[in-house]
Amino acid sequence: MLNEMMDAPMQDLSDDATAPVETPQLRFLRILVTVLTAVMIGGVVLIIALLVIRFQSTPNLLPTDITLPAGKTARAVTQGDDWYAIVTTDDHILIFDRVTGRLRQEIAITPAE
């Protein structure tokens, strides 16, 4: 049986009789799929570009240099619209003015009773 298969003539794969016929509808569908693929790739690239631009244009809201009173070490930082606060390691909250950088208020954190 193997010998019979080996001796059989090879079928010509380039025969036009077995090739699919491209109808106008099939050509139109192929163009639609290609256009849809291009639009989706362009959309993903656009969304990524917009995200990168958005995150790069975010202004630095905290000042570059904050001077704490002597003996104070920062543990955490938070901010509001016109102020920023620093929680120190000795359980104090220092609230600074965002524009002038001056200390507005110091609050001692006491344990709850």
Side-chain angles (χ1 to χ4, degrees):
M1 172 129 172
L2 184 60
N3 287 338
E4 291 173 8
M5 289 175 46
M6 296 290 285
D7 293 337
M10 297 203 63
Q11 183 180 7
D12 186 13
L13 296 177
S14 65
D15 187 14
D16 288 335
T18 60
V21 177
E22 185 168 320
T23 62
Q25 292 87 1
L26 184 61
R27 187 174 192 286
F28 179 68
L29 182 62
R30 184 175 298 151
I31 291 171
L32 278 180
V33 169
T34 304
V35 169
L36 177 63
T37 303
V39 168
M40 288 180 65
I41 290 171
V44 169
V45 169
L46 178 67
I47 288 172
I48 290 171
L50 288 175
L51 286 172
V52 168
I53 291 169
R54 172 75 175 141
F55 286 129
Q56 285 180 349
S57 67
T58 303
N60 186 6
L61 299 176
L62 288 175
T64 56
D65 188 29
I66 299 173
T67 305
L68 296 176
K72 304 281 187 183
T73 305
R75 181 185 301 166
V77 178
T78 188
Q79 58 187 344
D81 290 333
D82 63 341
W83 57 269
Y84 58 91
I86 298 179
V87 180
T88 62
T89 55
D90 62 350
D91 292 332
H92 282 82
I93 301 173
L94 307 174
I95 301 175
F96 293 91
D97 186 74
R98 184 182 301 279
V99 177
T100 64
R102 292 185 7 198
L103 181 65
R104 278 191 189 176
Q105 186 177 4
E106 182 174 348
I107 303 168
I109 302 171
T110 57
E113 296 179 15

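Values below: all heavy atoms of this structure, side chains included; hydrogens, waters and symmetry mates excluded.
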Considering all heavy atoms, the nearest [X]-[Y] contact:
{"X": "A74", "Y": "I86", "value": "CB-CG2, 3.6 Å"}
{"X": "V21", "Y": "L26", "value": "O-CD2, 4.2 Å"}
{"X": "R98", "Y": "D81", "value": "NE-O, 3.3 Å"}

Could you go through the side-chain contact (heavy atoms from CB on, under 4.5 Å) check for F96 and L68 one step at a time? CA-CA 10 Å; F96 293 91; L68 296 176; 4.2 Å; yes
Let's go through Y84 and I66 carefully: what are the C-alpha distance in whole Å and the side-chain angles of both, what is the deciding distance for side-chain contact (heavy atoms from CB on, under 4.5 Å) to 0.1 Å, and is it a yes or a no? CA-CA 10 Å; Y84 58 91; I66 299 173; 3.7 Å; yes
Gap separating the CG atom of L29 from the OG1 atom of T34, nearest 0.5 angstrom: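 Taking CG in L29 and OG1 in T34, the distance rounds to 9.0 Å.
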Measure the CD-NE2 distance between E106 and H92 for me, rounded to the nearest 0.5 Å.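 Going from CD on E106 over to NE2 on H92, the span is 5.0 Å.
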Taking L50 as the starting point, is it possible to reach V39 by hopping between hydrophobic residues whose side chains are less than 4.5 Å apart?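 Unlinked, V39 and L50 end up in two clusters.
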Carefully, step by step, assess D82 and R104 under the rule side-chain contact (heavy atoms from CB on, under 4.5 Å). CA-CA 11 Å; D82 63 341; R104 278 191 189 176; 3.0 Å; yes
Residue pair I95, L103: steps toward the side-chain contact (heavy atoms from CB on, under 4.5 Å) verdict: CA-CA 6 Å; I95 301 175; L103 181 65; 5.7 Å; no
Is the shortest heavy-atom distance from the side chain of I93 to the side chain of I109 under 4.5 Å?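 SC-SC contact between I93 and I109 confirmed.
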Can any side-chain N or O of R75 pair as donor or acceptor with the backbone N or O of T89 at less than 3.5 Å?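 Yes, the answer is positive, given that a donor and an acceptor are paired below the 3.5 Å cut-off.
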